[in-house]
Amino acid sequence: MMDVKGSSNSSSTTHSDEEMTGDLRRGPWTVEEDFNLINYIATHGEGRWNSLARCAGLKRTGKSCRLRWLNYLRPDVRRGNITLEEQLMILELHSRWGNRWSKIAQHLPGRTDNEIKNYWRTRVQKHAKQLKCDVNSKQFKDTMRYLWMPRLIERIQAAASATSASPAATVSAPATDHHSVSNSDVGTGKPGHGATWGQWQ
DNA sequence: AAAGGCCTCAACCGCTTGTGG
DNA sequence: CCCACAAGCGGTTGAGGCCTT
C-alpha cells in the first residue's frame, strides 16, 4: 500500500531516480517479486542487498528488498494480533529505551521494528493526543506506568486463569474494567477500530 | 445504498552508523 | 585519518479497507 509516488513507471517521477538506477520499481510488491526474492535468499542467503537485488533480477533498490524481506517475507515474521503480553512488553521497553524500535523488536520474537513503531504511533500516540498530553511528558508516562500497565497485567492474569481453570468459573477478574475485556485484539486488525486503548481505561 | 471519515500498515525517504580500502 | 559505500534506523506518507452517518 503505499507510496506510489513514482510507481513502476517513470512518468511522474523525479528523473534523478531513473537516471542513476535504470527504471526501478516502487510501491507494492507483486507476488512474482516476492517469489523471486524468497527464492534468491533461500539459495544464496541474505546480505549485500544492492547486489542481491540485481542478481535476483529485481528492479528494486537493495533497501526495498531488505525491508520487504525483514518486515514481510521472512519465515519467522509474525503479523497482526499483538498480544497483551507483547503490548505490555512494548510499554515497558519503550519507557526504558524510547523510540528504539529495533531494539524493542529484538525482545519480541517475530515482530518487526516497523510493526512496533506502527503500533505505538497508531495507538499509544493517539491516546496521548486524546489526553492532550505529549507522549514524552511525565503525565503520560505515569498514566502508562501506574494505570495502563497494571491493567494490562490484570488482563493477562485474568486471561491466563480463564484458560487454565475451567472456563465456567467466570474468573474473579480483579479487572477494574467496566467495559469488559472483549476483543482480545487490541493489537491489530482493522476491525480494531474502537477496540483499542479504550479498553485500558 | 452511498458518502465521508477514520484507521491501519506497507513502503518510502533521509539521516546515521558501520565497515573496508 | 579520510572517503565511499552499504546497512540500519526512525519518521512519514498515503492507498485501501472498515465503520458510521
Side-chain angles (χ1 to χ4, degrees), chain A residues 1-21 23-38 40-41 44-56 58-83 86-87 90 93-108 110-130 134-136 182-200:
Chain A
M1 311 177 176
M2 32 257 40
D3 198 344
V4 179
K5 289 173 181 168
S7 57
S8 45
N9 56 45
S10 37
S11 44
S12 61
T13 336
T14 54
H15 16 332
S16 54
D17 290 338
E18 317 285 331
E19 288 165 7
M20 339 211 31
T21 48
D23 53 338
L24 282 174
R25 274 184 51 73
R26 291 189 189 174
W29 279 63
T30 64
V31 175
E32 197 183 345
E33 287 177 309
D34 282 349
F35 184 76
N36 286 344
L37 183 55
I38 290 169
Y40 190 88
I41 290 177
H44 298 91
E46 302 176 36
R48 315 291 310 175
W49 294 103
N50 280 334
S51 60
L52 182 153
R54 245 180 293 117
C55 298
L58 291 160
K59 291 184 160 61
R60 297 273 182 174
T61 62
K63 265 185 164 184
S64 179
C65 294
R66 174 181 164 271
L67 212 60
R68 182 64 178 172
W69 174 253
L70 293 179
N71 289 342
Y72 197 90
L73 298 175
R74 249 189 326 152
D76 59 327
V77 70
R78 297 175 58 198
R79 281 175 298 132
N81 282 344
I82 294 191
T83 65
E86 287 173 323
Q87 290 173 48
I90 291 170
L93 296 180
H94 187 277
S95 70
R96 207 182 305 168
W97 295 323
N99 298 0
R100 308 299 311 278
W101 308 118
S102 63
K103 193 167 181 178
I104 293 172
Q106 286 169 7
H107 290 74
L108 294 160
R111 298 296 183 185
T112 66
D113 55 348
N114 207 33
E115 190 170 22
I116 293 168
K117 180 171 57 182
N118 280 333
Y119 169 78
W120 185 265
R121 292 190 59 81
T122 57
R123 292 150 224 261
V124 183
Q125 284 200 345
K126 183 181 78 182
H127 203 70
K129 213 175 206 172
Q130 283 168 1
D134 188 274
V135 271
N136 297 313
S182 62
N183 333 244
S184 53
D185 89 291
V186 172
T188 174
K190 323 258 155 162
H193 250 92
T196 56
W197 280 58
Q199 302 168 16
W200 294 18

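Chain naming here is simple, since letters A, B, ... match the order of the sequence lines and numbering starts at 1 in each.
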Original post:
Quick one: A:Tyr119 OH to B:dA10 P, roughly how many Å, whole number?
Top reply: 16 Å

**OP:** Answer yes or no: is there a side-chain heavy-atom contact under 4.5 Å between A:Leu108 and A:Glu115?
**Re:** no

**OP:** Using whole Å, report how far CG of A:Asn71 lies from P of C:dG10.
**Re:** 12 Å

Subject >> A:Trp101: partners by side-chain hydrogen bond (donor to acceptor under 3.5 Å, both in side chains), with sequence neighbours left out >> reply: none

**OP:** Could you encode protein contacts along nucleotides 4-9 of chain C as a string, one character per nucleotide from 5' to 3', using B for base contact, S for sugar-phosphate-only contact and - for no contact, with a heavy-atom cut-off of under 4.0 Å?
**Re:** --SSBS

**OP:** Could you state the atom-to-atom distance from CD of A:Glu33 to P of B:dA10 in whole Å?
**Re:** 16 Å

**OP:** Quickly work out the A:Asn118 CG to C:dG10 P distance and round it to whole Å.
**Re:** 13 Å

Subject >> Shortest non-hydrogen contact from A:Thr112 toward A:Ala105 >> reply: C-CB, 3.9 Å

Original post:
Should A:Arg121 be listed as having a side-chain N or O under 4.0 Å from OP1 or OP2 of B:dC9?
Top reply: no

**OP:** For A:Asn99, enumerate each residue passing the side-chain hydrogen bond (donor to acceptor under 3.5 Å, both in side chains) test, keeping only those at least two apart in sequence or located in another chain.
**Re:** A:His94

Original post:
What integer distance in Å separates A:Trp120:CH2 from B:dC7:C1'?
Top reply: 18 Å

**OP:** Take atom CH2 of A:Trp29 and atom C1' of C:dA15, then tell me their distance rounded to the nearest Å.
**Re:** 19 Å

Subject >> d(CG, A:Leu24; C1', B:dA11) in whole Å >> reply: 14 Å

**OP:** Answer yes or no: does a side-chain N or O of A:Arg60 lie under 4.0 Å from OP1 or OP2 of B:dC12?
**Re:** yes

Original post:
Got a sec, which pairs hit salt bridge (Lys or Arg N to Asp or Glu O under 4.0 Å) with one end in residues 27-36 of chain A, sequence neighbours left out?
Top reply: A:Arg25-A:Glu33, A:Glu33-A:Arg60, A:Asp34-A:Arg68

Subject >> Non-neighbouring partners of A:Glu46 that pass side-chain hydrogen bond (donor to acceptor under 3.5 Å, both in side chains), sequence neighbours left out >> reply: A:Trp69

Original post:
Hey, is the side chain of A:Arg123 poking within less than 4.0 Å of OP1 or OP2 on B:dC6, counting only N and O atoms?
Top reply: no

Original post:
Would one find a side-chain N or O of A:Thr61 under 4.0 angstrom from OP1 or OP2 of B:dC12?
Top reply: no

Subject >> Separation of B:dA10 P from A:Trp69 CH2 (nearest whole Å) >> reply: 16 Å

Original post:
Between B:dT8, B:dA10, B:dC12, which nucleotide gets closest to the side-chain atoms of A:Arg68?
Top reply: B:dA10

**OP:** Check side-chain hydrogen bond (donor to acceptor under 3.5 Å, both in side chains) between A:Arg78 and all other residues, then give those that pass, not counting sequence neighbours.
**Re:** A:Glu86

Original post:
Checking all strands, does A:Asn114 fall into the base, sugar-phosphate, or nothing category for heavy-atom contacts under 4.0 angstrom?
Top reply: base

